[in-house]
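Since the structure comes first, as structure tokens, the remarks are kept for the end.
All chains are named by letter (A, B, ...) in the order of the sequence lines, taking the proteins before the strands, and each is independently numbered beginning at 1.
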Amino acid sequence: MEKIDLVVIGGGPAGMAAALKAKERGVKSVTILERAGTLGGILEQCIHAGFGLHYFKEELTGPEYAARFAALIENSDIEVKLDTMVLGISWDNTVTAANKEDGILEIKAKAIVLAMGCRERPRGALSIAGTRPTGVMTAGQAQEYINLEGYMVGKTVVILGSGDIGLIMARRMTLEGAKVKMVCELMPYSGGLTRNIVQCLDDFDIPLRFNCTVVEVHGKERLSGVTVQYVDENFTPIAGTEEYIECDTLLLSVGLIPENELSKQAGIELDKVTGGPVVNEIRQTSREGIFACGNVLQVHDLVDYVTEESNIAADGAADFILGRQAVNPEYIEPLCGEGVRYIVPQRVNINSGKDIKLYFRASNVFDNASIVMSVDDKEVYKKRKVKVTPGEMENVTLSADIGKQIKKDSKLTLSIRA
Amino acid sequence: MQFDVAVIGAGVIGALAARELSKYDIEVALLEKGNDIALGATKANSGIVHAGFDAEIGSNKAVMNVRGAALMESVCKELDVPYRNNGSLVLAFTTDDIGALEKLKEKGEKNGVKDLKILSAQELLTLEKNINENAVGALRAPTAGIVCPYELAIAATENAVSNGVEFIRNCEVFSIKDEGDIFTLLTSIGDIKAKYIVNAAGGYADKVAGMIGDNSIKLTARHGDYYLLDKTAGEIVAHTIFQCPTKMGKGALLSPTVDGNLIVGPSAVDIDDPCDTATTFEGLNFILKSVKKSVPTISERNIITSFSGNRAHSDTGDFILGKSEANSRFINAAGIESPGLSAAPAIAEYIESILKDEIKDIKLNQNYNPIRPEKVRFAHLNTKQRKALCAKNKAYGRIICRCETVTEGEIIDAIKSPAGAVDVDGVKRRTRAGMGRCQGGFCGSKVVEILARELSVPVNEITKFGGGSKIIYEKTKKGKKQYGKN
């Protein structure tokens with residue numbers, strides 16, 4: 001059995017950044033296991049621009065953003081195993097994987113970084129009534145067919161869900177000559193970035209209907225149409241608002257789910273809200289030596305933040321491998337106050353003596369909001385924002401100074417006030 | 001094309017009947033109007049092997065159910081089909097219900113069901129800790145089991161084909177002419193001649209019987225919606241859980257599946273078109289509400305898909321089995337609704353016994369082998385077995401479906417097997433690629449690619465389930481190219 005320092009599971013933006021950072025920190029042997037035939041993960045099919053504005057201060061396409069990291073990896077001694085699927089992680093951090101060339105691989109690692117990304121919620125999970133024809137697929141699947149395989153998937157399109165991939169695909173399908181009839185969103189607001197609504201829908205006159213959903217799918221072999229209907233505040237369809245829309249394609253952009261089957265099987269504690277592992281400020285999971293970053297930890301809207309998070313996880317893994325763990329750590333769990341749906345990291349070492357960024361998402365749309373951090377109900381930090389929406393991840397810094405005021409039994413709360 | 005026997009319909013009944021007939025040295029054709037095996041009620045039912053206490057004493061349903069359930073385990077063993085003897089429970093919530101259970105038990109005993117027992121609330125909760133604590137007792141049937149119905153039909157067809165049966169897909173029978181000692185079937189692929197016909201046409205068995213002038217069969221399509229839940233919910237119960245039928249109707253059942261999921265359903269609504277398998281909002285709502293009476297903690301968050309099937313309900317309320325009164329060379333197996341799956345091996349055996357007596361000078365097929373070779377199920381193997389497998393064939397090292405851990409090798413096996421897969425759903429039913437929680441989101445395009453390669457057809461010819469169910473239209477403006485790469 002091969003023995004190495006670090007195994008990174010997943011060669012998307014998270015895995016690549018983590019591997020490079022660990023290498024930079026002096027970790028000797030690093031291996032990336034990637035299930036696809038190339039590095040880059042989902043970025044390979046995201047051929048639109050808008051990546052890298054924060055991290056590289058310039059606008060790149062997905063493949064360009066990925067290529068920058070892939071080139072660095074190529075010039076390093078990081079080992080990359082492509083077309084390789086991880087099957088399990090044992091109690092002693094042995095990773096078992098399969099590929100055509102090696103058959104079954106077993107690698108014992110000092111540390112592991114989980115960077116498996118996320119998957120899309122399929123139709124089945126939505127319980128939409130009706131037939132089961134072809135022409136119903138997730139937005140990401142359509143994106144893969146069109147951008148990677150070079151095949152069109154339909155001509156007249158309805159998109160359910162206004163997540164970013166759905167918005168991007170509304171534009172992409174239009175550019176390929178399809179007619180996108182509408183985007184329906186169950187919620188009264190979009191789950192996607194504002195810039196995508198403007199650039200992908202408004203610029204192409206594609207209507208976006210809020211409080212509206214698809215209630216029935218029609219068509220025997222190929223999709224022939226969908227019934228859309230408005231819903232009330234309890235998401236119950238409102239009788240009399242049904243409308244039949246003829247279309248041959250229904251794309252779903254109704255949420256992303258972190259891919260944590262491997263983590264679950266490895267006995268790692270998961271957060272019910274994020275769907276990802278519970279981690280501390282160095283992104284270590286409940287299992288010592290196993291770290292997580294990127295969409296497997298929490299679904300991000302910007303890849304730039306994925307890179308940032310992966311650097312943190314890789315730092316943690318490097319410290320662990322090089323024997324530089326925190327001394328006398330004491331953990332508290334930051335609490336989600338009013339308006340806050342979740343916070344990552346879920347655990348914070350109050351003796352770290354460092355600034356710690358807390359990433360979070362709002363549970364609703366807030367205009368002119370204050371983001372407030374309090375310790376034992378005493379306000380210690382406040383930041384004004386013109387708009388806070390569930391579609392855009394926010395962060396605040398828990399500074400080392402504030403950190404000093406926190407005791408083991410203190411209550412650290414983050415809230416959003418209108 | 002001329003055959004001794006034409007079996008119409010490659011559902012579980014037709015497939016098992018064809019397999020029984022392959023024991024003999026006769027020419028047998030299995031005709032299917034769809035693109036694959038098991039496309040009707042066989043692919044959309046509860047997957048339950050009933051113990052047999054429900055059917056009326058002495059009915060075909062009762063006799064065939066009890067016999068079929070007894071045969072099921074050995075048939076599944078021969079065909080390498082997953083089967084589990086998990087037992088069933090009928091829950092009682094009132095003292096009236098307990099009375100009804102006593103009657104069910106009595107009926108079951110008369111039908112020949114063994115080891116039936118009425119459990120107290122206490123005994124019930126020890127067996128199944130997630131059952132509603134308001135349940136006051138239950139009827140336990142330890143002989144009941146679960147099986148994968150489409151895999152049973154596919155395996156039986158594969159085995160039948162290996163033993164000489166000809167499987168003909170996309171072969172819809174339009175009319176039948178009897179020329180005295182031979183039938184001519186006018187089909188979508190041309191004329192087919194056969195001395196005997198087995199009518200296993202499911203929801204269309206009445207129409208097929210009508211083609212030879214037998215108008216005695218009256219079928220209604222009884223629609224049932226189902227939910228399938230993720231494997232994380234698969235162990236919420238161990239037994240198949242029914243509710244005691246009340247004057248308010250029959251509640252939904254829940255059961256683990258042999259693959260580790262949880263199935264919930266069905267609803268029951270009579271409809272006009274046996275082909276209409278659209279799920280309904282009302283039906284899906286009903287089953288969820290109803291099943292929560294049995295297990296209140298069931299969560300809709302674990303739902304991975306919903307589907308529906310139509311049972312062929314006969315106005316006689318019983319299976320219609322045997323020679324048609326209109327023509328003794330035409331054997332009916334019609335009105336096969338629940339417990340049709342449980343009864344299937346017995347019905348096949350019964351059809352065989354009729355034709356064995358009917359066909360003169362029938363000889364045994366000397367090469368008959370009842371065993372379907374064990375297929376590779378990578379997900380069930382340990383590391384050592386996986387290593388050995390990959391050393392033999394590299395295709396088993398490439399995982400295509402992540403949720404269900406299905407390899408390229410298994411997909412190739414499914415395409416190359418006798419009566420193999422020709423579409424995406426066919427691969428799914430044979431290998432489970434696309435059956436998991438992401439429902440083919442990741443592996444769909446890869447399965448399309450492998451099908452196209454193995455069948456030597458263009459990618460955009462590949463369908464989900466035959467006919468016009470193509471997945472891809474045409475090339476994009478630029479076709480395949482690598483973006484952002486030099």
With a 4.0 Å cut-off on N to O distance, would you call A/Glu149 and B/Lys446 a salt bridge? no
In terms of side-chain geometry, is the basic nitrogen of B/Arg402 or A/Glu261 positioned less than 4.0 Å from the acidic oxygen of its partner? no
With a 4.5 angstrom heavy-atom cut-off, is it the side chain or the backbone of [X] that approaches chain A, or both, or neither?
X	value
B/Val424	neither
B/Arg301	side chain
B/Ile303	both
B/Glu449	side chain
B/Ser445	both
B/Lys470	backbone
B/Tyr396	neither
B/Cys275	both
B/Thr232	side chain

Return the option, out of A/Gly62, A/Gly124, A/Gly154, A/Pro237, with the maximum number of heavy-atom pairs under 4.5 Å with chain B. A/Gly124
May I ask you to name which of A/Asp248, A/Ile257, A/Asp83 has the most heavy-atom pairs under 4.5 Å with chain B? A/Asp248
For the atom pair [atom1] ([X]) and [atom2] ([Y]), what is the distance rounded to the nearest 0.5 Å?
X	Y	atom1	atom2	value
B/Gln439	A/Glu120	CD	CD	13.5 Å
A/Thr249	B/Tyr473	OG1	OH	6.0 Å
A/Glu176	B/Lys475	CD	NZ	13.0 Å
A/Arg121	B/Cys438	CZ	SG	14.0 Å

Where do [X] and [Y] come nearest, in terms of heavy atoms and distance?
X	Y	result
B/Ser306	A/Ser127	OG-CA, 4.4 Å
B/Glu408	A/Lys100	OE1-NZ, 3.0 Å
B/Thr279	A/Ala129	OG1-CA, 3.2 Å

[X] vs [Y] side-chain heavy atoms within contact, under 4.5 Å:
X	Y	value
A/Thr134	B/Thr463	no
A/Tyr151	B/Thr476	no
B/Ser308	A/Arg132	yes
A/Tyr145	B/Ile471	yes
B/Phe281	A/Ile128	no

Establish, yes or no, whether the cationic atom of A/Arg35 lies under 6.0 Å from the six-membered ring centre of B/Phe442 and within 45° of the ring axis. yes
Select, from B/Asp276, B/Asn302, B/Thr305, B/Leu228, the one with the greatest count of heavy-atom pairs under 4.5 Å involving chain A. B/Thr305
Tell me, out of B/Thr280, B/Leu284, B/Asn460, B/Thr277, who's got the most heavy-atom pairs with chain A below 4.5 Å. B/Thr277
Pick one of side chain, backbone, both or neither for [X], based on which atoms fall under 4.5 Å of a heavy atom in chain B.
X	answer
A/Lys220	both
A/Glu101	backbone
A/Asp102	neither
A/Leu223	neither

Look at atom [atom1] of [X] and say whether more than 12 heavy atoms of other residues, nucleotides or ligands are closer to it than 6.0 Å.
X	atom1	answer
A/Lys264	NZ	yes
A/Glu74	CD	no
B/Glu235	CD	no

For chain A, which residues of residues 380-390 of chain B have heavy atoms nearer than 4.5 angstrom: B/Thr383, B/Arg386, B/Lys387, B/Cys390
